[in-house]
Amino acid sequence: MRRVVIIGGGAIGSAIAYFLNRDPEEEPFEVTVVERDFSYTQASSALSASSIRQQFSTAINIEMSLYGIEFFRALGETLRVGDNVPDIGLVEPGYLYLAPTDGVEVLRENHALQKAHDVDVILMTPDQLEARFPWMSKEDIALASLGLSGEGWYDGYSLLQAFRKKAVSQGALYVQAKATGLQRDGDRVKGVELDIGNVLQADVVVNAAGAWAAKVAGMAGIDLPVRGRRRMVFSFSCPDTLPGCPLVIDTSGIWFRPEGRRFICGFAPPQDRDRDDAPLEVDYRVFDDFIWPALAKRVPVFEAIRMTGAWAGYYEMNLFDHNPILGLHPDCENLFFANGFSGHGLQHCPATGRGIAELIRYGEYRSLDLSPVSFARILENRPLLERNVI
């Protein structure tokens with residue numbers, strides 16, 4: 001029985017653990033998942049805004065999300081353990097991208113690619129937008145793109161736990177520890193050193209360490225261009241409701257969406273202020289100085305909102321091209337990477353889990369070819385740029 005050690009027990013690592021032993025007819029793996037904190041206090045899986053969309057600018061991301069929504073819709077039965085039927089609370093109100101005049105060409109190009117992959121999305125003029133969402137101001141909007149199905153949000157922590165419990169039911173062992181070193185023997189990793197004092201012998205090692213993935217890669221002497229980038233999410237209440245409100249990406253760069261009877265929102269800071277591994281602390285001034293004025297400009301009733309809370313989590317940002325890095329590095333034949341999702345790891349964890357499991361078991365992708373996001377493009381300086389990064 002081949003021994004697989006997965007470093008990182010969040011949604012990505014747990015999805016891989018599940019898919020490795022999904023088929024009871026195939027020879028099982030001995031799967032050990034090393035997770036530094038079973039409370040997942042700083043885990044992106046638990047702190048994410050937990051959304052899924054098809055509106056990407058690269059074909060591979062679209063295909064991964066198409067599988068993701070299919071998986072989420074059937075998740076209750078797929079990840080059922082006995083009488084425990086998980087529910088991640090999936091809803092599909094869509095994503096709404098708002099483009100100013102200088103963003104119209106890109107929006108149209110993205111739309112053409114999305115329609116070529118059968119994404120259920122439409123373009124709307126400002127007048128059509130106003131008719132559909134009368135609570136929204138059409139000021140400075142030249143064109144909008146709305147997903148009609150297959151886009152929405154869910155509970156990311158419940159998704160993580162569903163994968164984890166199913167993987168455990170299939171024999172996966174979770175160990176609360178921090179990986180402190182990788183024992184290399186030539187072009188192979190033979191063991192994972194833990195801070196609790198022991199070494200896990202391994203035939204296969206998977207780096208699914210999220211924002212800490214570069215440190216794990218460095219243990220094997222491999223440079224991984226992934227860094228933890230802080231993202232803040234603010235919640236707020238509003239006395240008015242917004243009928244049919246999707247997840248809105250404003251021309252200002254701010255996004256917002258309903259969350260129960262309230263709303264949540266966030267934004268990506270300017271690059272010169274987007275530091276590596278910044279403390280997970282909330283800068284509340286940002287809400288008053290930047291977010292609130294932009295929200296009120298787009299939705300007039302947001303003038304009366306009240307902030308009700310906030311939190312911060314990490315994007316595991318791929319600084320090379322904002323796309324995941326999946327598969328092997330040519331320098332090490334048994335160290336697999338599943339990193340750098342740049343904010344869309346939760347929605348792509350089903351496709352990633354299935355793909356990495358296939359690569360480990362068969363030496364190739366059999367369901368969806370994920371080679372466009374392999375390490376090769378980085379080593380050959382061929383960026384696959386994703387323009388729709390929120």
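Hydrogens, waters and symmetry mates are skipped; everything else that's a heavy atom, side chains included, is used. This chain uses plain numbering: 1 for the first residue, then up along the sequence. Predicted model, so just to flag it, every value in this text is computed and none were measured.
Within the 4.5 Å cutoff, no side-chain heavy atoms of Phe71 are placed close to those of Cys349. Looking at heavy atoms from C-beta onward, Phe337 lies out of side-chain contact with Val373 at the 4.5 angstrom threshold. Here the side chains of Ser45 and Leu346 are in contact, with some heavy-atom distance below 4.5 Å. When side chains are defined from C-beta on, Thr352 counts as touching Phe341, because their heavy atoms get closer than 4.5 Å. Side-chain contact between Leu335 and His329 is absent, with no heavy atoms from C-beta onward closer than 4.5 Å. In this structure, Ile122 and Gln128 have side chains that are not in contact, with every pair of non-hydrogen atoms separated by 4.5 Å or more. Counting heavy atoms from C-beta outward, Leu79 and Val81 have side chains that stay 4.5 Å or more apart.
Hydrophobic clustering (side-chain heavy atoms under 4.5 Å, transitive across Ile, Leu, Val, Met, Phe, Trp, Tyr) keeps Tyr154 apart from Met64.
No side-chain donor from either of Glu63 and Tyr67 sits under 3.5 Å from a side-chain acceptor of the other. Thr58 and Glu386 are linked by a side-chain donor-acceptor pair at a separation below 3.5 angstrom, with hydrogens and angles left out of the test. Side-chain atoms of Glu26 and Tyr362 include a donor-acceptor pair closer than 3.5 Å. Side-chain contact check for Glu259 and Ser235: no donor-acceptor pair (N or O, by modelled atom type) lies under 3.5 Å. A side-chain donor-acceptor contact under 3.5 Å links Thr251 and Arg298. No side-chain N or O of Glu316 forms a donor-acceptor pair with one of Ser44 less than 3.5 Å apart.
Taking 4.0 Å as the cut-off between side-chain N and carboxylate O, Lys297 and Asp250 do not count as a salt-bridged pair. Classification of Glu77 and Arg80 as a salt-bridged pair holds, one side-chain N sitting under 4.0 Å from a carboxylate O. Look at Lys138 and Asp127 and you find a salt bridge, because one of the NZ, NE, NH1 or NH2 atoms lies within 4.0 Å of a carboxylate O, short of that distance. The pair Arg2-Glu27 fails the salt-bridge criterion, with no side-chain N (NZ, NE, NH1 or NH2) lying under 4.0 Å from an Asp/Glu carboxylate O. Using a 4.0 Å cut-off between a side-chain N of Lys or Arg and a carboxylate O of Asp or Glu, Glu151 and Arg53 do not qualify as a salt bridge. A salt bridge does not link Arg227 with Asp274: none of the charged nitrogens is closer than 4.0 Å to a carboxylate oxygen.
Residue Gly152 comes nearest to Pro93 through the heavy atom pair CA-CD, 3.9 Å, listed as atom of the first residue, atom of the second, then distance. Contact record, Phe163 with Ala15: CD2-CA, 3.7 Å, taken as the closest heavy-atom pair.
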Could you go step by step and tell me if Asn381 and Phe320 meet the side-chain contact (heavy atoms from CB on, under 4.5 Å) rule? CA-CA 9 Å; Asn381 196 26; Phe320 182 71; 3.5 Å; yes

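Here the options are His117, His348, His322, the test is ring pair (Phe, Tyr, Trp, His ring centres under 6.0 Å), and the partner is Phe56; only His348 passes. Checked options Trp135, Phe263, Trp292; the residue passing with Phe302 is Phe263 (criterion: ring pair (Phe, Tyr, Trp, His ring centres under 6.0 Å)).
Atom-to-atom distance recorded for Cys238:SG and Leu295:CG is 10.0 Å, nearest 0.5 angstrom. Put simply, CZ on Phe336 and CG on Leu326 are 11.5 Å apart, with the number rounded to the nearest 0.5 Å. Note that the CG atom of Asp223 and the CZ atom of Phe375 stand 7.5 Å from one another [nearest 0.5 Å].
The cationic group of Arg361 does not satisfy the cation-pi geometry with Phe19, failing either the under 6.0 Å distance to the six-membered ring centre or the 45° limit from the ring axis.
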